[in-house]
Amino acid sequence: MDLIKKLTGKNPSEYEMVAKLLVNNSDKELFSKLVKQDDFLFDFIKDNVAKRIQDACNKENYLNLLNFLEFYSASYDTMIARVLYSFSGDELLAQMKEIFLNGTDSEKAYAVKYFSFVTKEKIEEMLPLLRKTAKSNFEPLSLNSIEVLSIVSDEESKQDAIERLSSEDEFEQFEAVKFLVNYQAKDLLDEIINVMKKSTLAENIAAEIPYLLSFDELFEQDADSALLVLCNILNAIPEIIPVSSVVDYGIYEVLERLTQEKLTSSSAVALRLAKDKFEELCSNEEYLFDCDKNTKDEVQEINKLLNKVNIKKLESLFYDELFDGSDFVFFALDYVNEVEELETLLDSENQTLILKVLTLLKEKGALNQARKDLALGNVTNLEIQQIIKVL
């Protein structure tokens with residue numbers, strides 16, 4: 001029987017034996033095979049395997065784990081770092097610093113995870129380099145570096161990210177958001193939300209925010225901000241955000257909450273958007289083909305929940321979001337049929353919104369020269385002017 005199957009299985013006599021063989025023999029080939037299974041194993045199975053390997057470690061064999069550092073896995077890095085530190089204390093610190101300075105990206109990522117167990121004063125001289133590796137293209141090294149910077153409350157790296165939030169480069173802003181989310185800078189939620197509202201990468205930014213604060217926390221702080229994050233996430237599934245995220249974010253619980261609370265114009269928009277999205281996911285097998293059973297079941301349950309929502313009751317509230325300063329106007333527009341309501345937005349200060357309205361008017365067969373001329377009188381962006389002229 002395959003050793004990986006035994007290690008991940010339910011039989012204690014088998015998995016304990018394989019875990020001991022893995023550690024005692026420093027079996028790099030077996031560990032490499034285990035790491036390659038990361039994408040195919042459920043998280044709870046990987047958690048079980050990590051504990052089994054940890055239980056197989058002792059004072060005599062724990063250093064054998066150092067031979068596994070060339071095979072990076074986020075499923076086992078914390079366990080390996082914890083074992084190394086628990087048996088050695090700071091005795092391995094010099095060696096781990098050397099690995100961090102001269103190792104491969106994989107080895108560096110493990111070394112940085114080890115630093116997360118060490119007091120700040122003992123890695124003080126590493127902080128300048130950690131600030132650099134926090135921007136590494138090797139994501140595990142970047143994430144682990146940010147984690148350590150957060151643990152030691154490194155203000156210099158945090159301030160650098162705050163400054164990058166104001167960058168004119170939206171990709172630079174997005175990188176700053178990812179840093180602050182992983183740094184767990186919850187005090188900067190408002191600033192991150194404001195960046196999301198103005199960015200063409202709003203959906204990508206929204207996908208990060210629930211890792212900073214849960215939806216329950218977001219609703220507690222500001223319901224409309226929570227709903228805006230939700231709308232952007234829903235809009236991004238599955239093109240930008242994988243369908244499996246519905247489980248990660250607890251989307252069922254969020255939508256159930258909205259169906260039970262008093263409707264507002266913004267929650268009505270979110271529920272309408274969700275209803276369309278999950279009907280679409282359930283009507284096309286391609287969207288769910290690669291999903292695990294848990295995700296498929298969750299999507300079906302959400303769709304059942306939303307099928308109970310009264311569409312007419314939602315539609316009566318959409319029009320309250322049809323004004324220039326609404327954060328939900330772009331989402332609400334897709335559900336507005338009255339041409340006169342759309343026409344009122346042609347004198348908007350938001351030129352992208354004007355273009356969106358004209359596009360919808362064309363789809364409804366209601367785009368005439370008078371409406372184009374009205375829009376052009378309020379548009380200064382040459383690129384948008386050209387698009388309007390050829391509509």
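Because only heavy atoms are used, hydrogens play no part in the values below, and waters and symmetry mates are left out as well, while side chains stay in. Position 1 is the first residue of the sequence; numbering continues from there. This one's a predicted model, so the numbers in the text were calculated from it and none came from an experiment.
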Determine yes or no for a side-chain-to-main-chain donor-acceptor pair under 3.5 angstrom, with S326 supplying the side chain and F323 the backbone. no
Charged N-O contact under 4.0 Å between R371 and E343: yes
Side chain of E163, backbone of D160: donor and acceptor closer than 3.5 Å? no
Show, in sequence, the C-alpha distance, side-chain angles and deciding distance for Y76 and Y110, and conclude whether the ring pair (Phe, Tyr, Trp, His ring centres under 6.0 Å) test is met. CA-CA 9 Å; Y76 309 113; Y110 278 112; 9.3 Å; no
Knowing that exactly one of L188, I146, L149 qualifies, which makes a side chain to side chain contact (heavy atoms under 4.5 Å, CB included) with K158? L188
Between E253 and R257, does at least one N-O distance fall below 4.0 Å, as a salt bridge requires? no
Does the side chain of D324 reach to within under 4.5 Å of the side chain of L345, using non-hydrogen atoms? no
Basic-acidic side-chain contact under 4.0 Å: E29, K33: yes
Give a yes or no on whether a salt bridge exists between E70 and K28, defined as a side-chain N under 4.0 angstrom from a carboxylate O. yes
Sequence-distant partners of D224, salt bridge (charged side-chain N to carboxylate O under 4.0 Å, His left out), two or more places apart: none
Would you say the side chains of E147 and S116 form a donor-acceptor pair under 3.5 Å? no
Just by distance, do the side chain of N64 and the backbone of V23 share a donor-acceptor pair under 3.5 Å? yes
Salt bridge or not between K178 and E208? Use side-chain N to carboxylate O under 4.0 Å. no
Hydrogens and angles aside, do T200 and E170 bring a side-chain donor and acceptor to less than 3.5 Å of each other? yes
Residues K5, E14: salt bridge by 4.0 Å N-O rule: no
Using only atom types and a distance under 3.5 Å, with no angle test, would you say the side chain of K372 pairs donor to acceptor with the backbone of L367? no
Could I get the full list of side chain to side chain contact (heavy atoms under 4.5 Å, CB included) partners for Q385, not counting sequence neighbours? L376, V379, L382
Are the side chain of K46 and the backbone N or O of D38 linked by a donor-acceptor pair below 3.5 Å? yes
When you check the gap from the basic side-chain N to the acidic O, do D292 and K296 get nearer than 4.0 Å? no
The single option from L273, L314, I311 passing side chain to side chain contact (heavy atoms under 4.5 Å, CB included) against Y335: L273
For the side chain of S86 and the backbone of R82, is there at least one donor-acceptor N/O pair under 3.5 Å apart? yes
Side-chain donor-acceptor contact under 3.5 Å, N378 with D347: no
Any side-chain heavy-atom pair of N144 and T133 under 4.5 Å: no
I want to check something: taking the side chain as every heavy atom from C-beta on, are R131 and D154 in contact at a cut-off of under 4.5 Å? yes
Salt bridge or not for D55 and K51, using N-O below 4.0 Å? yes
Y114/F100 aromatic ring centres below 6.0 Å: no
Ring centres under 6.0 angstrom apart (Y211, Y249): yes
Quick one: does any side-chain atom of S145 pair with a main-chain N or O of L141 as donor and acceptor, under 3.5 Å? yes
